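First comes the structure, then the notes that go with it.
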Amino acid sequence: MDQTLKSFFDTTFEEIQRFMEAVSIEQLHLAKDMIIDAEKKGGRVHITGIGKPGHVAEYVASLFSSVGTPAYFLDGTEAIHGSSGQVLPNDVVISISNSGETEELKKTIVTLRNNGAKIISVTGGEQSWLSKNSDCVLFAKVEQEGDALNKPPRASIIVEVFVLQSLSILLQEEKNLTLKEYVQWHPGGTLGKSLVSEQ
């Protein structure tokens, strides 16, 4: 096997293992309870990030919505140019940032907290500004991204996705999502056809 790719595969595997050994189940349950409580009060879930984590936010908002927790993507840059108006008191915002120190994100979080929102952070910066200004922290740190530069986000993105997929599982189970409900939300495409055939 190509040694560069082998190094990437091995590093990514090690980072995922390290994450799984250190993940806080308590914090995941706290995040789940915050979201359930917000929904009971009429609040909604928004997911945001700057740069590559912004793409993670879009995926996770779609995933949550597809398994019973309606969620809305909030562009981290646009939020400080008016889009933060979509966030109201009793809402929950999941904010994704590897460093937890991004200047644009700081302004966004200050704005959202002023709106009355609760913040769940997903970050590798355990003592970062974002962690200290969040109501719940889902720690997602990696030591190595998987390449010689150790800068382009690779392993960190995988871990961020993994922790939020874990949260989606807890929410799905809490709401007792049924196959019938899932089929109702996925009528199109190959997935829809396969689900209908299983009924």
Side-chain angles (χ1 to χ4, degrees), residues 1-36 45-69 71 73-74 76 92-102 105 109 119-175 177 182 186 191 194:
M1 180 186 291
D2 183 291
Q3 287 303 307
T4 302
L5 287 179
K6 183 177 186 308
S7 176
F8 172 64
F9 296 158
D10 290 346
T11 298
T12 303
F13 180 74
E14 289 167 6
E15 291 294 352
I16 292 173
Q17 276 195 314
R18 188 179 294 113
F19 162 78
M20 292 178 67
E21 291 169 0
V23 65
S24 172
I25 303 302
E26 292 77 11
Q27 288 296 104
L28 278 167
H29 277 278
L30 173 59
K32 180 259 295 181
D33 291 342
M34 284 175 59
I35 290 171
I36 297 297
V45 179
H46 311 262
I47 309 179
T48 190
I50 301 289
K52 304 297 187 297
H55 298 294
V56 174
E58 290 187 82
Y59 158 68
V60 174
S62 177
L63 173 65
F64 276 30
S65 297
S66 75
V67 293
T69 299
F73 170 65
L74 174 62
V92 171
V93 176
I94 298 175
S95 178
I96 310 166
S97 172
N98 187 29
S99 70
E101 298 288 349
T102 306
L105 193 62
I109 296 302
I119 307 298
I120 298 171
S121 63
V122 178
T123 181
E126 194 168 23
Q127 299 302 317
S128 66
W129 183 95
L130 179 59
S131 293
K132 294 174 182 177
N133 286 273
S134 298
D135 300 285
C136 173
V137 180
L138 301 179
F139 192 46
K141 180 178 176 60
V142 300
E143 298 294 339
Q144 297 292 325
E145 291 287 3
D147 71 306
L149 294 176
N150 196 32
K151 294 298 180 184
R154 291 189 173 93
S156 60
I157 292 292
I158 292 172
V159 171
E160 289 163 1
V161 169
F162 199 85
V163 71
L164 289 168
Q165 287 176 330
S166 301
L167 178 55
S168 77
I169 292 287
L170 292 180
L171 289 165
Q172 178 180 317
E173 291 301 306
E174 180 77 16
K175 296 182 177 186
L177 181 71
Y182 192 71
H186 296 78
L191 176 60
S194 69

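Fair warning: this is a prediction, and the values are worked out from it, not measured in the lab.
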- Stepwise, does the side chain to side chain contact (heavy atoms under 4.5 Å, CB included) test hold for Thr123 with Asn98? CA-CA 5 Å; Thr123 181; Asn98 187 29; 6.0 Å; no
- Should Leu28 and Leu138 be marked as a side chain to side chain contact (heavy atoms under 4.5 Å, CB included) after you check the CA-CA gap, both sets of side-chain angles, and the distance that decides it? CA-CA 7 Å; Leu28 278 167; Leu138 301 179; 4.0 Å; yes
- Could you go step by step and tell me if Val23 and Phe139 meet the side chain to side chain contact (heavy atoms under 4.5 Å, CB included) rule? CA-CA 7 Å; Val23 65; Phe139 192 46; over 6 Å; no
- Task: Decide yes or no on side chain to side chain contact (heavy atoms under 4.5 Å, CB included) for Val137 and Ser134, but give the supporting numbers first.
- Result: CA-CA 7 Å; Val137 180; Ser134 298; 4.2 Å; yes
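Rounded to the nearest 0.5 angstrom, Asp135 CG and Ile119 CD1 are separated by 7.0 Å. Between the CD atom of Glu58 and the NE2 atom of His55 there is a distance of 7.0 Å, given to the nearest 0.5 Å. Interatomic distance, CD of Gln172 versus CG of Leu177, reported as 5.0 Å (0.5 Å rounding). Distance check, rounded to the nearest 0.5 Å: CG of Leu170 to CD of Gln165 gives 12.5 Å. The NZ atom of Lys52 sits 12.0 Å away from atom CD of Glu160, with the distance rounded to the nearest 0.5 Å. Once rounded to the nearest 0.5 Å, the distance linking CD of Gln27 with OG of Ser121 reads 8.5 Å.
Taking the side chain as every heavy atom from C-beta outward, Asp147 and Phe8 never approach each other to under 4.5 Å. Put simply, the side chain of Val142 does not reach to within 4.5 Å of the side chain of Thr12, judged on heavy atoms. At a threshold of 4.5 Å between non-hydrogen side-chain atoms, the residues Ile16 and Ile158 count as touching. A heavy-atom distance below 4.5 Å is found between the side chains of Trp129 and Ile109. For the pair Ile96/Leu105, no side-chain contact is recorded, criterion being any heavy-atom separation below 4.5 Å from C-beta on. The shortest distance between side-chain heavy atoms of Leu130 and Ser95 falls below 4.5 Å. A heavy-atom distance below 4.5 Å is not found between the side chains of Phe73 and His46. Between Glu145 and Ser156, the closest side-chain pair of non-hydrogen atoms falls below 4.5 Å.
For Ser62 and Ser65, the side-chain atoms include no donor-acceptor pair closer than 3.5 Å.
A salt bridge is defined here as a Lys NZ or Arg NE, NH1 or NH2 lying under 4.0 Å from an Asp or Glu carboxylate O, and Glu15 with Arg18 meets this definition. The pair Asp2-Lys6 fails the salt-bridge criterion, with no side-chain N (NZ, NE, NH1 or NH2) lying under 4.0 Å from an Asp/Glu carboxylate O.
Between Met34 and Cys136, the shortest heavy-atom distance links the atoms SD-CB, 3.6 Å. The shortest non-hydrogen separation linking Gly100 to Ser97 is N-OG, 2.9 Å. Annotation for Gly49 and Ala57: closest pair N-CB, 4.2 Å, computed over non-hydrogen atoms.
The side chain to side chain contact (heavy atoms under 4.5 Å, CB included) test with Leu74 is passed by exactly one of Thr48, Ile47, Val45: Thr48.
At most 12 heavy atoms of other shown residues, nucleotides or ligands fall within 6.0 angstrom of atom CZ in Phe162.
Although no hydrogens or angles enter the test, the distance criterion places no donor-acceptor pair under 3.5 Å between the side chain of Ser168 and the main chain of Phe64. Counting only distance, with no hydrogens or angles, the side chain of Lys175 and the backbone of Gly68 share a donor-acceptor pair below 3.5 Å. In this structure, the side chain of Ser7 does not engage the main chain of Thr4 through any donor-acceptor pair within 3.5 Å.
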